Novice: 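Below is the structure I would like to discuss, written out as C-alpha cells.
Lettering follows sequence order; numbering is per chain, from 1. Remember, it's a predicted structure, so these values are computed and weren't measured experimentally.
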Protein chains: 2
Amino acid sequence: MSNHPGISDATKQRVWELAKQLNYQPNHLAAALRKGRSNTLGVVVPHIDGHFFALVVKGIETIANRAGFNVMICQSNEDAAQEKKNIETLLNAQVDGILVSVSLYTQDFQHIEEVRRRGIPLVFFDRIMESADVSAVVLDDYQGGYSAVQHLIEQGCRRIAHLGGPQHLNICKNRFQGYAAALREHDLPVEMCRVHFSDLSILDGSRGMEQLLLQDPSLDAVFSCNDLASVGAMQVLKRQGRRVPHDVALVGFSNELFASLTEPMLSSVDQRGEEMGRTAVHLLLEMVAQGPDNVAPRQVLLQPELLVRESSQLIPSEQTL
Amino acid sequence: MSNHPGISDATKQRVWELAKQLNYQPNHLAAALRKGRSNTLGVVVPHIDGHFFALVVKGIETIANRAGFNVMICQSNEDAAQEKKNIETLLNAQVDGILVSVSLYTQDFQHIEEVRRRGIPLVFFDRIMESADVSAVVLDDYQGGYSAVQHLIEQGCRRIAHLGGPQHLNICKNRFQGYAAALREHDLPVEMCRVHFSDLSILDGSRGMEQLLLQDPSLDAVFSCNDLASVGAMQVLKRQGRRVPHDVALVGFSNELFASLTEPMLSSVDQRGEEMGRTAVHLLLEMVAQGPDNVAPRQVLLQPELLVRESSQLIPSEQTL
DNA sequence: GTGAAAGCGCTAACAA
DNA sequence: TTGTTAGCGCTTTCAC
C-alpha cells in the first residue's frame, strides 16, 4: 500500500524498506485493470512535422504527464481511413480519453460517434467536427483572417487575393470568412476571381498564385490560409519579377519555423499551438475526472497573434521608426 | 476465444454472433496483464519539431502498428533530466521495449542501465550511447561528413571551415571526423581556426560564422553539422556581402524541410529518417520476440545521401548541362 | 490500524 | 473439440 492515511508511520517505513530490498516494481497495468482506467490519453493529429502540431503535442505532453497521465500519439497522415484506424487503436489500448484534430479529408464521423457511444471522453482541437455538443479548443480563425487582411489594407493594399483550403474544414472556412469580412468592412469587393482553393501544399501555392495572377494581374496582396502555400506563392512572384512586398504583399498562417527563414521573411498568424494543447488536455482531464456526461460540452476560443514581418511591411512601423 | 485452430467453425460463428449482439469489446489491458506484455513500445526523442525526428517517428509508428504494437512517444526537449523522467514514465507504463535517441546533454546513462537491468529490450537510434553491447541504428555520419566535404573540394573549395556540435555526441563527433578525413585525404590541412563548436541553433550558427570569418577571412566553404546552424551562417554571409556559393559555399546536414526554401537553396545530407525508424523497430521487435538476452546486440549503419542544391553548386553538374 | 479475501477480464492449461 | 478453472498484480471492502 502506497501512502494511505490511516496506516501507522512505523508500518509504512517497514513496507518501504522491504520494497526497496526486494526491488519491488509496481505493475501499473494491474492497477489500471483493477481501477478500470489506464491513465493513458490518446491523441490523433494529422501529422507532426510542421511547427504547429509539434507545439500542440508538446503542450499536451507537459500537462498530461504532470497530471500522471501517459500520452499515445497517432498520426493520420491526412488520411481519413488511417484516422479511423488510429481511433480503433486508441480504443483498444483502453485510453481514458481522446484528443482529435481531424484530417483534411475526414467527412464521415462514424468513428467519432463510436467513441462517444462508448462513453470515452473526447475533445477536439484546431480542426473539429462542427456540432453543438462536443468539447473543443480552437483558434479564432475568423479573427486571424480578419486581422491579417485588415493589416494588409492598412498597408495600402486594395486588391487582396486569397489562397484558401478545403471549405468543409472549420479552420479554412473561418479564415476565408474573416478575409471576406475585413474586405467588406472596408468597402472593398470580395471578388471570386481573387480567391483560389486547394489543399495548400507548396505546389498548390505556386499553381494557385499563377492562376490568381492570370485572373487579376493587378492584385497587390495575398492572404494565404497556411505558410506552405505562401512559400509557393512567393516563389512564383519572384520568378515573375514581382517584388514582395512592394508589388505584392504576403501574409501566411501558422507561423511555421521557416517563416522567418524565407526572403523576405514571411508575415504570419500564430496559432498558439502549445497553449491549445494545454487547454485541450485540461478540458479532457476534467471530463475524465467528472465522467463525460457530467460535464457540459465546452468550446474554448484562443486569440491568434499576427506577426508582421518583411513580406507585408510596406509602411515602416512605429517601432522601427 | 478469437481465432484458435482446433475449434469448429460452427462454434466460432455462434460466438462471433453473440459477441456482436452483446456489443462485446475485448479488454486488451486484461490480456496484457495476463500475458505479461502490454503490446506497447516506448520512444524517447529529443524533440519532434524538425523534419528528421518526425520522419523517424512516422517510420516507427508504421511498422509498430502493422505488428500490432502501440507506440508511446516522449520528448526530452534536449534535457537530460526530462529524458530520465521519460524513461521512468515508459517503464511505469510497462512497455515491452524502448527506442531512444539521447538528448544533446545526456552524459550520465544510469537511467539506461536501469532499463537493461530490468530486462526491457532497448534499441538506440541516431544519437546513441557508445558501448559495444547495445543495439543501435545509426547513420554513417562519418561518411556523410566525408562526402559533403569531398563534394566541396570537387567544387574547387580549399579553405573549408566546420560548424560542429557537442563532441561527446556520436553524430557530431563522426561528422567532424569525416570532415577532417576528407581534408587529409586531399592533402588539405585541418586547421582548428577553421572549426567552431556549439549547440547548433540558428544563433549559434551566425555567431560561429562571424567568429570563423574573423579567424580566417579567406575561407571559401563551410560544412555545418546541421541545417539550422547553416541558415544562421547563411544570414551572416549575406549580411557581410559574401555571395553563396561563389564566395563561400555551404553544405548542411539533416535535409530539413526548409533546406529547399532558403535562398540559395541549401545543400544538405539526408539522414534517412523514416528508414531509420523502421529499422530500429524491426530490431526492437526481434528482441521483444526472442527475449533480450537471446539476441546478440547489433549495430545497423545506414548510408546517408548528399543532396546538392544551389548553396554549394559552383560547377554546373552534368545533369544541368 | 491491520490482515484477509474477492474480483477487475483475460488466457493457458487441463479435464471431459 | 469443448467446458472449466486458476491466477496475472493490484485495489477495495470488510471483518478483526
Novice: May I have the distance from B/Leu29 (atom CG) to D/dC10 (atom C1'), rounded to whole angstrom?
Specialist: 12 Å
Novice: Collect all protein-nucleotide pairs involving nucleotides 6-9 of chain D in which both atoms are nitrogen or oxygen and the distance is under 3.5 Å.
Specialist:
{"unit_1": "D/dG7", "atom_1": "N2", "unit_2": "B/Arg34", "atom_2": "NH1", "d": "3.3"}

Novice: Extract all donor-acceptor atom pairs below 3.5 Å that involve side chains of residues 70-81 of chain A and protein atoms in other chains or at least two apart in sequence.
Specialist:
{"unit_1": "A/Gln75", "atom_1": "OE1", "unit_2": "A/Ile48", "atom_2": "N", "d": "3.3"}
{"unit_1": "A/Ser76", "atom_1": "OG", "unit_2": "A/Glu78", "atom_2": "N", "d": "3.4"}
{"unit_1": "A/Glu78", "atom_1": "OE1", "unit_2": "A/Leu104", "atom_2": "N", "d": "2.8"}
{"unit_1": "A/Glu78", "atom_1": "OE1", "unit_2": "A/Arg127", "atom_2": "NH1", "d": "2.9"}
{"unit_1": "A/Glu78", "atom_1": "OE2", "unit_2": "A/Arg127", "atom_2": "NH1", "d": "3.3"}
{"unit_1": "A/Glu78", "atom_1": "OE2", "unit_2": "A/Arg127", "atom_2": "NH2", "d": "3.0"}
{"unit_1": "A/Asp79", "atom_1": "OD2", "unit_2": "A/Gln82", "atom_2": "N", "d": "3.2"}

Novice: Dot-bracket for DNA chain C, 5' to 3', counting Watson-Crick or G-U wobble pairs under 3.5 Å, with [ ] for crossing pairs and | for inter-strand pairs?
Specialist: ||||||||||||||.|
Novice: Taking distance alone, no hydrogens or angles, what donor-acceptor pairs closer than 3.5 Å link side-chain atoms of residues 279-291 of chain A to residues at least two apart or in another chain?
Specialist:
{"unit_1": "A/Thr279", "atom_1": "OG1", "unit_2": "A/Glu275", "atom_2": "O", "d": "2.6"}
{"unit_1": "A/His282", "atom_1": "ND1", "unit_2": "A/Arg278", "atom_2": "O", "d": "3.3"}
{"unit_1": "A/Glu286", "atom_1": "OE1", "unit_2": "A/Arg298", "atom_2": "NH2", "d": "2.8"}
{"unit_1": "A/Glu286", "atom_1": "OE2", "unit_2": "A/Arg298", "atom_2": "NH2", "d": "3.4"}

Novice: Rounded to whole angstrom units, what separation is found between the CZ atom of A/Arg37 and the C1' atom of D/dT12?
Specialist: 16 Å
Novice: Can you sort out the partners of B/Lys173 under salt bridge (Lys or Arg N to Asp or Glu O under 4.0 Å), two or more places apart, ordered by chain and number?
Specialist: B/Glu130
Novice: Could you list the donor-acceptor pairs under 3.5 angstrom formed by side chains in residues 60-69 of chain B, with sequence neighbours left out?
Specialist:
{"unit_1": "B/Thr62", "atom_1": "OG1", "unit_2": "B/Lys58", "atom_2": "O", "d": "2.6"}
{"unit_1": "B/Asn65", "atom_1": "ND2", "unit_2": "B/Glu61", "atom_2": "O", "d": "3.2"}

Novice: Can you name the salt bridge (Lys or Arg N to Asp or Glu O under 4.0 Å) partners of B/Glu305, sequence neighbours left out?
Specialist: none
Novice: Considering only residues two or more places apart or on different chains, which pairs with a residue in residues 22-32 of chain A satisfy side chain to side chain donor-acceptor pair (under 3.5 Å)?
Specialist: A/His28-B/Asn92
Novice: Return the 5'-most residue of the pair B/Arg14, A/His28 with respect to DNA chain D, ranking by each residue's nearest nucleotide.
Specialist: B/Arg14
Novice: Before accepting this row, confirm whether a basic side-chain N of the pair A/Glu88/A/Lys84 lies closer than 4.0 Å to the acidic partner's carboxylate O.
Specialist: no
Novice: Take atom CD of B/Gln13 and atom C1' of D/dT1, then tell me their distance rounded to the nearest Å.
Specialist: 17 Å
Novice: With sequence neighbours excluded, tell me which residues meet ring pair (Phe, Tyr, Trp, His ring centres under 6.0 Å) with B/Phe53.
Specialist: B/His47
